[in-house]
There are 2 protein chains.
Amino acid sequence: MNKRITIKQIAKALGVSISTVSKALNDSYEISDETKAKIQEYAKLHKYKPNTLALSLQNKKTKTIGILIPNILNYYFARALRGIEKVATEKGYSIITCITNESYEKEVETMEMLSNGTIDGFVACVSVETLKLKKFDHFHDILEEETPIVLYDRAHKDIKCDKVVTDNIKSAYKATRFLMKSGCKDIAIISTSEGLNINKFRIKGYLKALTKYGVTPNENLIIKQDNEINLIERINNMLDNNKVDGIFSVDEVSGAIATQVLNKRNVKIPEEVSIIGFTNGLLSRYGSPPLTSVNRFAHTTGEVAATRLIDKLEGKIKFDDIKTEIIKTKLVERESTKKLFIKF
Amino acid sequence: MNKRITIKQIAKALGVSISTVSKALNDSYEISDETKAKIQEYAKLHKYKPNTLALSLQNKKTKTIGILIPNILNYYFARALRGIEKVATEKGYSIITCITNESYEKEVETMEMLSNGTIDGFVACVSVETLKLKKFDHFHDILEEETPIVLYDRAHKDIKCDKVVTDNIKSAYKATRFLMKSGCKDIAIISTSEGLNINKFRIKGYLKALTKYGVTPNENLIIKQDNEINLIERINNMLDNNKVDGIFSVDEVSGAIATQVLNKRNVKIPEEVSIIGFTNGLLSRYGSPPLTSVNRFAHTTGEVAATRLIDKLEGKIKFDDIKTEIIKTKLVERESTKKLFIKF
DNA sequence: CTGAAAGCGCTAACAA
DNA sequence: TTGTTAGCGCTTTCAG
């Protein structure tokens with residue numbers, strides 16, 4: 001931003017007034033074609049570009065939206081970001097992406113920082129820590145100023161705003177049911193992050209399916225573990241002490257880890273043990289074997305969220321008109337599960 | 001940005017002048033403690049926050065940097081982003097992240113858009129298409145305005161600016177050498193994106209190692225293939241028609257695909273065929289077997305790039321003082337290669 | 001110690 | 001058709 005030319009300089013150089021230049025560059029009907037041509041030519045020659053900052057200050061609108069991502073290394077979020085980015089670009093918005101690293105403090109700081117004129121609205125995913133602490137004042141504050149927020153993936157009922165989420169219970173239900181239909185009797189579930197309510201929902205769906213089909217849940221087959229090393233140990237432990245012929249992994253990494261453990265024990269997948277993962281990312285697709293997974297349509301989630309926000313920013317929807325959109329999932333069959341012998 | 005209170009409103013409410021409020025909030029020595037206290041209290045009560053836009057307009061500095069990422073789904077870039085983000089945050093900068101999707105046009109648009117006062121400088125990775133087209137005028141234009149750019153990972157000699165890159169040739173050389181030392185005789189290389197000069201460098205390193213150790217390169221063992229389906233076919237083909245006991249994959253996905261192909265053919269890894277991957281991401285770590293890989297320290301790359309840029313922005317380095325920093329790699333041994341029997 | 005005024009780059013109402 | 005002026009929110013001389 002150094003040698004950049006301003007409207008003022010053009011005005012001086014051409015001996016016209018600042019507003020004439022402004023109008024000419026905006027192709028106003030008020031200006032004679034001659035003057036317009038002269039000014040526009042000069043502007044082009046000197047690569048004039050309007051200062052976005054000044055425009056935003058004037059319009060009280062920045063045409064940029066803030067994106068909050070808990071963890072960019074997570075394939076789901078990376079894909080969601082793409083979806084958001086796509087819609088934003090299409091509609092002429094830029095995005096400013098911030099990674100919270102699942103930290104409450106970082107989340108609060110970031111939102112404070114951005115909500116000072118920098119952005120018009122947020123598309124955010126709440127961090128694990130925030131969800132654990134159940135402290136949502138930073139959301140409330142921003143909402144109170146009528147800055148719209150659309151929450152995606154992880155949400156909480158105490159935050160009153162638009163949401164775009166996965167039908168976790170149902171998806172887990174269907175995945176578990178699939179395992180049962182494919183002949184599995186002793187189905188384990190592997191979950192992480194105790195604090196995450198979405199994981200609770202997934203366990204709920206799992207339990208629901210078991211119960212529905214007359215299987216009594218077995219506490220020993222439910223693993224909740226964040227730490228990776230411990231997870232390997234716990235899976236091995238579980239396999240040592242229990243009959244298991246199906247595993248439902250609630251996230252992608254633990255699905256890959258389960259696969260590794262089984263491969264190492266020379267357990268045949270899916271002949272002896274089937275695995276279903278959640279979130280249809282790279283690890284599922286490129287694993288050995290490729291994992292049957294609950295595909296989450298992260299991209300769509302991002303698109304829907306961004307669309308909702310922008311519609312709100314542009315007044316197509318009233319600020320107080322709040323909605324939760326549910327993005328369905330789809331089970332993608334690959335090689336880690338047996339082919340269904342009962343159609344349903 | 002609705003009910004947000006401004007300095008002006010505070011001034012009116014308290015019956016003082018605007019500049020007094022400004023100074024009080026900035027803790028200026030010119031203002032009496034009493035007035036200061038009064039103003040600061042009022043400001044806090046009403047959650048006053050300075051408008052970033054106005055500040056930036058004033059200072060001709062936005063304290064934000066633009067990040068260009070060709071593809072956020074790539075684990076390497078996602079990690080690099082984290083590194084950049086970390087440094088930026090530490091130094092009080094915010095970042096605005098843009099995904100170019102490897103598109104020349106998107107890259108040009110994005111850079112144009114941001115270089116209008118929105119950002120102070122760029123940390124960018126050139127897109128594949130741009131590299132293919134060899135059109136770098138958008139970089140030149142920005143550089144000419146003395147807006148600093150730091151290129152990371154992919155660069156080109158025609159763009160005269162700071163760079164932070166991997167020592168591709170050497171890394172590929174070392175990886176290939178490792179395979180040879182571990183007993184492999186017939187080493188294949190799998191590469192993608194013909195347009196990418198970094199991939200050329202990696203092939204170069206591979207060839208260099210072969211030649212150095214007296215192995216004549218075999219054209220049939222060099223695969224360059226972007227399309228995934230075709231890649232599987234070509235690998236199978238190669239394995240059908242050639243003796244191969246080592247594979248060096250120039251990126252992570254093709255490493256995973258090679259693993260899948262070998263597993264499917266019931267080839268024992270590493271007993272019969274060894275694999276080394278490039279970029280030490282999730283796929284390598286969580287694959288079956290986990291892949292020995294060239295670890296690229298994406299995070300460090302991001303940190304170094306961001307640090308360089310910010311140092312420049314803050315005048316610690318002159319604009320014209322241009323440097324290329326090389327980030328070394330490290331071979332991480334996992335289970336896809338045999339243990340070395342020759343120490344070196 | 002406090003305030004008036006100019007200015008960052010731009011737009012827009014109003015005059016000329 | 002063109003120019004003057006005020007103002008977006010803030011900082012910063014310079015007077016008072």
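Naming: A, B, ... by sequence-line order, numbering from 1 per chain.
Taking atom NZ on B:Lys63 and atom P on D:dT11, their separation rounds to 15 Å, with Å as the unit. Protein atom CD1 of A:Ile18 is 12 Å distant from nucleotide atom P of D:dT5, rounded to whole Å.
One finds a salt bridge joining B:Glu85 and A:Lys106 here, because a Lys/Arg side-chain nitrogen approaches an Asp/Glu carboxylate oxygen to under 4.0 Å. With salt bridges taken as basic N to acidic carboxylate O contacts below 4.0 Å, one links A:Asp141 and B:Lys47. A salt bridge between B:Asp27 and B:Lys36 is present, with a side-chain N of the basic residue lying under 4.0 Å from a carboxylate O of the acidic one. The pair B:Glu90-B:Lys86 meets the salt-bridge criterion, with a side-chain N (NZ, NE, NH1 or NH2) lying under 4.0 Å from an Asp/Glu carboxylate O. Using a 4.0 Å cut-off between a side-chain N of Lys or Arg and a carboxylate O of Asp or Glu, B:Arg154 and B:Glu102 qualify as a salt bridge. Ion pairing of B:Lys63 with B:Asp120 is absent here, as no side-chain N (NZ or NE/NH1/NH2) approaches a carboxylate O to less than 4.0 Å.
Using a 4.0 Å heavy-atom cutoff across all strands shown, A:Asn59 reaches no nucleic acid atom at all. Residue contacts shown for A:Ser32 are limited to sugar-phosphate atoms, with no base heavy atom under 4.0 Å away. In this structure, B:Ser22 reaches the bases: a heavy-atom distance under 4.0 Å links it to at least one base atom across the strands shown.
For A:Ser17 and D:dT4, the shortest distance from a side-chain N or O to OP1 or OP2 is not below 4.0 Å.
Within a 6.0 Å sphere centred on CD of A:Glu314, other residues, nucleotides and ligands contribute more than 12 heavy atoms.
Defined by atom type and a distance below 3.5 Å, a donor-acceptor pair is missing between the side-chain atoms of A:Thr100 and A:Ser103.
With values rounded to the nearest 0.5 angstrom, A:Ser127 atom OG is found 13.5 Å from A:Ile99 atom CD1.
B:His156 and B:Phe136 have tilted rings, their planes meeting at an angle from 30° to 60° on a 0 to 90° scale.
A cation-pi arrangement is not found for A:Lys163 relative to A:Tyr152, the charged atom failing to lie both closer than 6.0 Å to the ring centre and inside a 45° cone about the ring normal.
Scored by the side-chain contact (heavy atoms from CB on, under 4.5 Å) test, A:Asp137 finds A:His140 as partners (sequence neighbours excluded).
Residues in residues 4-58 of chain A take part in these ring-ring contact (aromatic ring centres under 6.0 Å, His included) pairs, two or more places apart or across chains: A:Tyr42-A:His46.
Taking the 5' to 3' direction, DNA chain C first and last meets chain B under 4.0 angstrom from a heavy atom at C:dC1 to C:dG9.
Less than 4.0 Å separates DNA chain C from at least one heavy atom of each of the following residues of residues 33-41 of chain B: B:Thr35.
Axis angle across the helix from C:dC1-D:dG16 to C:dA16-D:dT1, with five pairs used at each end and values rounded to 10°: 60°.
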Taking only N/O atoms, report every protein-nucleotides 6-9 of chain D pair under 3.5 Å with atom names and distance.
{"residue": "D:dG7", "atom": "N2", "partner": "A:Gln58", "partner atom": "OE1", "Å": "2.6"}
{"residue": "D:dG7", "atom": "N2", "partner": "A:Gln58", "partner atom": "NE2", "Å": "3.0"}
{"residue": "D:dC8", "atom": "OP2", "partner": "B:Lys8", "partner atom": "NZ", "Å": "3.3"}
{"residue": "D:dC8", "atom": "O2", "partner": "A:Gln58", "partner atom": "OE1", "Å": "2.7"}
{"residue": "D:dG9", "atom": "OP1", "partner": "A:Lys60", "partner atom": "NZ", "Å": "2.5"}
{"residue": "D:dG9", "atom": "N2", "partner": "B:Ala54", "partner atom": "O", "Å": "3.4"}

